[in-house]
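Right, one structure below, let's go through it.
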Amino acid sequence: MTDLAAVKTALKTQAVETPSWAYGNSGTRFKVFAQPGVPRNPREKLDDAAQVHAFTGAAPTVALHIPWDKVDDYGALAKYAQERGLKLGAINSNTFQDDDYKLGSICHPDAAVRRKAVDHLLECVDIMDATGSKDLKLWFADGTNYPGQDDIRERQDRLAEGLTQVYERLGDDQRMLLEYKFFEPAFYMTDVPDWGTAYAHCLKLGPKAQVVVDTGHHAPGTNIEFIVATLLREGKLGAFDFNSRFYADDDLMVGAADPFQLFRIMYEVIRGGGFTPDVAFMLDQCHNIEAKIPAIIRSVMNVQEATAKALLVDGAALADAQRTGDVLAANAVIMDAYNTDVRPLLGEVREEMGLDADPVSAYRRSGWGEKIAAERVGGQQAGWGA
C-alpha cells in the first residue's frame with residue numbers, strides 16, 4: 001500500500017523551472033505568431049512567471065537565455081525576481097544565432113570563432129556569479145551537413161578543449177549541464193548527438209559536469225526512461241528539459257504527446273533517487289499557437305500529475321512480482337498507478353498549500369491576461385531569438 005501522506009509531502013516539495021523564452025512569441029521556420037500582452041523585456045517575463053508560480057506553487061525559478069535576456073544589471077534583475085517570489089535559475093548560452101557560427105561554434109575549424117564562442121560561455125558564468133545561478137546549460141547546434149565537410153574526431157577534440165576552459169572557470173557550487181540533440185540544424189553529423197557523447201565529455205570533465213535530458217531530442221521509439229535510469233545510476237543526470245514531440249523537436253507542452261512516457265520517466269527518477277534538488281526539472285517549450293501563461297501552467301500541472309502517479313507505484317508489490325517472474329502482475333502494478341486519476345489528490349495538495357485546486361481556472365479568473373494585453377502596448381515584443 002502507498003502512504004498517501006508521504007505522497008502529498010513529496011508533491012509539495014516539487015519545483016519546476018520555467019523558461020523565460022516560453023513567455024514570448026514563438027513559431028516555426030515559417031511564421032512567428034504575435035500575441036497580445038507578450039512581455040517586452042526580461043522583467044515582464046518575470047512578472048508572468050510569478051503568475052505561474054502564484055497559481056501552481058511549484059514554479060519558483062526562471063531560466064534565462066543570453067543574449068535574449070541580456071540586461072545592464074543582473075544583480076538588479078535577480079532582486080526584481082526575488083521581490084516577486086522567484087529566483088533566477090539556469091543560464092542558457094546561445095552559440096547558434098550569430099553569422100560566425102555558420103560552420104559551428106565551439107567546434108568550428110577557425111580558432112577565432114571558437115574563441116568567440118568560449119568567451120560567450122565565460123560571460124554566462126559571469127552572469128551566474130551576478131545572479132546567484134548555479135547551473136550553466138549548454139546546447140550546441142554544431143555539426144556538419146555533408147560527409148567530409150570537417151574532421152569528426154578533430155571536432156570532438158575542439159569540443160573537449162572548449163568545455164574544459166569553461167569547466168575550469170566554474171565556482172565550487174556551480175555546474176555545467178550539457179544537452180544533446182541527435183539532429184537539427186546539422187543533418188549529417190551533430191557534435192553532441194546523444195547521451196553517450198554528452199556523458200563521455202562530462203565524465204572526463206569531472207563532478208561539476210552533468211547531462212541534460214531534453215525529452216524532445218530523441219529519435220522515435222527511444223526508451224528515454226532507460227537513459228534516465230542509466231544516468232542516475234552513474235550520478236550524471238543533472239537536469240531535464242521537459243516538452244513533447246510527435247516527430248522531432250516539436251517543443252510542445254510536456255505530456256501532450258505521450259503522457260505515459262512522462263510517467264515512465266518520472267517513475268525512474270523516483271526509483272533512482274533523482275527526485276531531489278540535484279536534478280533540475282525545467283520546461284523547454286516554445287508555445288506556437290496557444291496562450292503563453294495558461295499553457296505553461298498546464299505543463300507544470302502535467303509534470304505534477306505524472307509525478308503523483310509515479311509516487312503511487314506500489315514498490316513492494318512490484319518488487320515481489322519481479323522477483324517471482326510474474327510478468328503480468330508486475331506490469332499491472334505499473335498500469336494501476338498510471339491509470340489512477342490523481343487530479344483530486346493534487347487538488348487537495350494545492351488547497352493544503354493555500355492555493356486554488358484548479359490553477360488554470362484560477363488564472364483565468366484573475367484577469368491577468370486581460371490586464372497585460374491592455375497595458376503592454378508598444379515597444380518590441382519578446383520572441384524566439386529576441
Residues passing the ring pair (Phe, Tyr, Trp, His ring centres under 6.0 Å) test with F187, sequence neighbours excluded, are F183
Apply the test side chain to side chain contact (heavy atoms under 4.5 Å, CB included) to residues R175 and L170: give CA-CA distance (whole Å), side-chain angles for both, the deciding distance (0.1 Å), then the verdict. CA-CA 7 Å; R175 302 189 299 176; L170 295 172; 5.8 Å; no
Kindly say whether A22 contributes a backbone atom to a donor-acceptor pair with the side chain of K292 at under 3.5 angstrom? no
Do you know which of D48, D47, T18 makes side-chain hydrogen bond (donor to acceptor under 3.5 Å, both in side chains) with Y23? T18
Is the shortest distance from a Lys or Arg side-chain nitrogen in D135 or K137 to a carboxylate oxygen in the other one below 4.0 Å? no
Would you check, one step at a time, whether the test side chain to side chain contact (heavy atoms under 4.5 Å, CB included) holds for L262 with D258? CA-CA 7 Å; L262 181 60; D258 189 352; over 6 Å; no
Examine the side chains of D129 and Q174 and answer whether a donor and an acceptor come within less than 3.5 Å of each other. yes
Given side chains that start at C-beta, do those of V269 and V228 come closer than 4.5 Å, heavy atoms only? yes
What do you reckon, is CZ of R271 surrounded by more than 12 foreign heavy atoms closer than 6.0 Å? no
If we ignore angles and hydrogens, is there a donor and acceptor under 3.5 Å between the side chains of T307 and Q14? yes
Heavy-atom nearest pair, C124 first then L136, reads CB-CD1, 3.5 Å
Nearest non-hydrogen partners of V313 and L318, listed with the distance: CG1-CD2, 4.1 Å
Between Y74 and D69, do the side chains contain a donor N or O and an acceptor N or O under 3.5 Å apart? no
Apply side chain to side chain contact (heavy atoms under 4.5 Å, CB included) to the pair F240 and M266, showing each step before the final yes or no. CA-CA 11 Å; F240 283 97; M266 290 309 305; 5.6 Å; no
Which residues end up grouped with Y188 if you chain together Ile, Leu, Val, Met, Phe, Trp and Tyr wherever their side-chain heavy atoms are less than 4.5 Å apart? I152, M189
Could you check L4 against K8 for side chain to side chain contact (heavy atoms under 4.5 Å, CB included), going step by step and ending with a plain yes or no? CA-CA 6 Å; L4 287 181; K8 283 186 174 182; 5.6 Å; no
R364, CZ atom: more than 12 neighbouring heavy atoms under 6.0 Å: no
Pairs where residues 198-222 contributes a residue and the test salt bridge (charged side-chain N to carboxylate O under 4.0 Å, His left out) is met, not counting sequence neighbours: none
Taking all non-hydrogen atoms of both residues into account, name the closest pair between E17 and A90 and its distance. OE2-N, 3.0 Å
Among all residues two or more places apart in sequence or in another chain, which pass the side chain to side chain donor-acceptor pair (under 3.5 Å) test with E154? R158
With a 4.5 Å limit on heavy-atom distance, are the side chains of K79 and E83 in contact? yes
When you look at CD of E234, are more than 12 heavy atoms from neighbouring residues, nucleotides or ligands closer to it than 6.0 Å? yes
Salt bridge D358-R350, side-chain N to carboxylate O under 4.0 Å: no
Can you name the nearest heavy-atom pair linking A198 to V192, along with the distance? CB-CG1, 4.1 Å
Quick one: does T340's side chain have a donor or acceptor within less than 3.5 Å of a partner on V342's backbone? no
Within the distance-only criterion (no hydrogens, no angle test), does the side chain of T215 pair as donor or acceptor with the backbone N or O of S244 below 3.5 angstrom? no
Mind checking whether T190 and F182 have side chains closer than 4.5 Å, heavy atoms only? no
So, the side chain of T61 versus the backbone of L88: is there a donor-acceptor pair under 3.5 Å, distance only? no
Ring geometry between W139 and H217 (parallel below 30°, tilted from 30 to 60°, perpendicular above 60°): tilted
So, D142 side chain and I106 main chain: donor-acceptor pair closer than 3.5 Å or not? yes
Contact between T222 and I227 at the side-chain level, heavy atoms closer than 4.5 Å - yes or no? yes
For N94, does its backbone N or O pair with a side-chain atom of H120 as donor and acceptor, under 3.5 Å? yes
Name the one of E351, E352, E348 that satisfies salt bridge (charged side-chain N to carboxylate O under 4.0 Å, His left out) with K12? E352
What pair of heavy atoms forms the shortest contact from S93 to H65, and how long is it? O-CE1, 3.3 Å
Under 3.5 Å, side chain of N92 to main-chain N/O of L64, donor-acceptor pair present? yes
Set out, in order, the CA-CA distance, both residues' side-chain angles and the distance that settles side chain to side chain donor-acceptor pair (under 3.5 Å) for D194 and T197, then state yes or no. CA-CA 6 Å; D194 51 39; T197 305; 2.7 Å; yes
Residues sharing V327's hydrophobic cluster, by side-chain heavy-atom contacts under 4.5 Å among ILVMFWY, directly or via others? none
Under the ring pair (Phe, Tyr, Trp, His ring centres under 6.0 Å) test, residues paired with Y338 that sit two or more places apart: F260, F263
Would the distance check show the side chain of Q285 and the main-chain N or O of P19 forming a donor-acceptor pair, the cut-off being under 3.5 Å? no
Test item: S105 side-chain N/O and Y101 main-chain N/O as donor-acceptor pair under 3.5 Å: no
Flag the pair E123 and K70 as a salt bridge only when some basic side-chain nitrogen lies within less than 4.0 angstrom of an acidic carboxylate oxygen. yes
Closest contact, heavy atoms only, F96 versus A141: CB-CB, 3.7 Å
With a 4.0 Å cut-off on N to O distance, would you call K116 and D119 a salt bridge? no
Please determine whether the number of non-hydrogen atoms from other residues, nucleotides or ligands lying under 6.0 Å from atom CZ of R115 exceeds 12. yes
Could you tell me whether a side-chain N or O of R114 sits under 3.5 Å from a main-chain N or O of P109, the two making a donor and an acceptor? yes
